[in-house]
Number of protein chains: 2
Amino acid sequence: MALEHAILVSLLEKPASGYELARRFDRSIGYFWTATHQQIYRVLKRMEDDGWVDARDVPQQGRPDKKEYSVADLGRAALSSWLHDPIEPESVRHDLAVKIRGAAFDDPAALIREVERHRQAHRDRLAHYLAGETRDFTGPEASAAGAKAPLDAERELQHVVLRGGVAYERMMIDWLDDVLATLARFGPDR
Amino acid sequence: MALEHAILVSLLEKPASGYELARRFDRSIGYFWTATHQQIYRVLKRMEDDGWVDARDVPQQGRPDKKEYSVADLGRAALSSWLHDPIEPESVRHDLAVKIRGAAFDDPAALIREVERHRQAHRDRLAHYLAGETRDFTGPEASAAGAKAPLDAERELQHVVLRGGVAYERMMIDWLDDVLATLARFGPDR
DNA sequence: TCCTGCTATGCAACTCGTTGCATAGCAAGC
DNA sequence: GCTTGCTATGCAACGAGTTGCATAGCAGGA
């Protein structure tokens with residue numbers, strides 16, 4: 001269970017309300033961790049009760065007030081402790097692989113459109129990542145940041161995680177091409 | 001939710017008891033879908049109640065009796081229906097990426113051992129996959145299967161899923177090398 | 001004026017997944 | 001004879017995740 005920790009990291013990068021966190025989980029953080037606003041509100045409340053985060057009411061003009069959360073000392077300690085925990089074996093859940101093996105007992109050709117849809121989704125995400133990389137990690141901004149802090153850990157680590165996302169999407173696209181070629185061999189017969 | 005469907009696919013490949021299924025989920029199926037024996041027994045009971053699978057008591061010598069399940073017509077229909085459903089957007093949960101971004105607010109160097117452990121786990125899994133590929137999908141066996149059925153969908157589709165696993169592990173190993181190189185840059189200062 | 005849509009927070013109910021525990025037969029070794 | 005360990009099945013409790021719904025302020029357009 002790491003939703004708490006993902007929230008702590010996100011709040012350390014920048015304090016936010018539950019709503020803002022939910023939107024981050026649709027974007028940057030969401031690339032490697034998903035969560036709905038329900039989970040986020042529930043967990044935020046628990047974290048506030050446990051003293052992991054501090055809440056602050058922020059009046060806004062033109063929109064409802066919000067509760068902005070920031071990380072408290074206890075939260076920082078909890079994150080640190082989790083980071084030093086050598087756990088995690090890595091579990092996988094890949095529906096598409098189940099479908100592909102299942103297709104042997106149904107119509108393999110019927111899966112082609114589905115796989116093509118997935119491939120397109122991965123292409124879109126790859127394009128999105130690459131655009132983000134160009135925007136945030138290359139050119140004058142990168143140099144400016146470099147001048148400001150030659151070894152900016154936060155930035156560098158965000159970049160290496162993004163590179164992981166890029167590598168993942170590229171791998172998936174290549175593999176789905178392989179899957180499509182395999183499925184095509186079963187197309188004519190049935 | 002696709003545990004039912006993963007079980008259906010596995011039972012179509014070969015009928016099995018709950019216990020045997022649980023062991024498959026530690027091996028071949030487990031490479032892209034995990035499940036404990038608790039989930040499996042619970043879901044099998046529901047599937048039996050729904051008429052998706054048939055149960056058969058099998059007395060054994062030297063060990064307790066088992067209940068062997070096989071897929072019923074209703075189960076086959078349910079699987080087929082699921083296969084034709086164009087759902088699934090693909091959600092991700094990657095603890096290690098959270099840890100890496102979190103390391104910016106702690107000691108980046110402390111993560112090195114953890115990342116190395118993960119890299120080793122992925123290397124082990126890659127070696128395991130490659131051994132399985134050599135065993136099941138190359139050499140005389142493959143030719144024999146080829147002679148028996150020039151387009152054996154079940155086998156081909158199992159192979160392409162395995163190739164996906166191989167591609168994934170290779171990608172992860174490369175990425176973790178990248179992560180280690182990045183973390184190393186923050187090692188000396190702290 | 002009313003409707004749509006975005007920001008912002010939350011409850012309730014349900015399903016899914018995990019963990020700890022219990023039972024029971026039999027085999028092998030000390 | 002006792003313990004350990006594997007096969008085989010299952011209950012109970014809890015925690016995590018999903019879905020549907022509710023509320024409320026305000027903006028903008030028909």
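Since the model is a prediction, treat every value here as computed from it, not as a measurement. The chains referred to below are lettered A, B, ... by the order of the sequence lines, with proteins before strands, and numbering in each begins at 1.
- Note on ring orientation: taking the six-membered ring where Trp is involved, the planes of Y168(B) and Y168(A) are perpendicular (angle over 60°, cut-offs 30° and 60°).
- A salt bridge (Lys or Arg N to Asp or Glu O under 4.0 Å) check over residues 14-38 of chain B, counting only residues at least two apart or in different chains, returns the pairs E20(B)-K66(B).
- In this structure, the side chain of T134(A) engages the main chain of L130(A) through a donor-acceptor pair within 3.5 Å.
- Between the CG atom of L44(A) and the P atom of dA16(D) there is a distance of 14 Å, given to the nearest Å.
- When the local axes at the two ends of the helix from dT1(C)-dA30(D) to dC30(C)-dG1(D) are compared, using 5 base pairs at each end, they differ in direction by 10° after rounding to 10°.
- In this structure, CD1 of I40(B) is placed 11 Å from P of dG17(C), rounded to the nearest angstrom.
- Rounded to whole Å, the distance from CD on E4(A) to P on dA16(D) is 7 Å.
- Distance alone, capped at 3.5 Å, is enough to place a donor-acceptor pair between the R117(B) side chain and the P86(A) backbone.
- One N or O on the side chain of R155(B) and one on the backbone of D136(B) form a donor-acceptor pair closer than 3.5 Å.
- Residue pairs that meet the ring-ring contact (aromatic ring centres under 6.0 Å, His included) test with at least one member in residues 42-75 of chain A, sequence neighbours left out, do not exist here.
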Nucleotide by nucleotide, 5' to 3', does protein get under 4.0 Å of the base (B), only the sugar-phosphate (S), or neither (-) in nucleotides 2-9 of chain D, counting heavy atoms?
-> -----BBB
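- At a cut-off of 3.5 angstrom, the base of dT19(C) holds no donor-acceptor pair with the side chain of R42(B).
- In the interface, the side chain of R46(A) is not paired with the base of dG15(D) through any donor and acceptor atom under 3.5 Å apart.
- For residues 169-178 of chain B, the salt bridge (Lys or Arg N to Asp or Glu O under 4.0 Å) pairs, not counting sequence neighbours, are R163(A)-D178(B), R119(B)-D177(B), R125(B)-E169(B).
- Connectivity analysis of hydrophobic side chains (ILVMFWY, heavy atoms under 4.5 Å, direct or indirect) links Y41(A) to Y19(A).
- Evaluation of atom-type donor-acceptor distances gives no pair under 3.5 Å for the side chain of R93(B) against the base of dG17(D).
- Across the protein-nucleic acid pair, Q39(A) atom CD and dG17(C) atom P stand 14 Å apart, rounded to whole Å.
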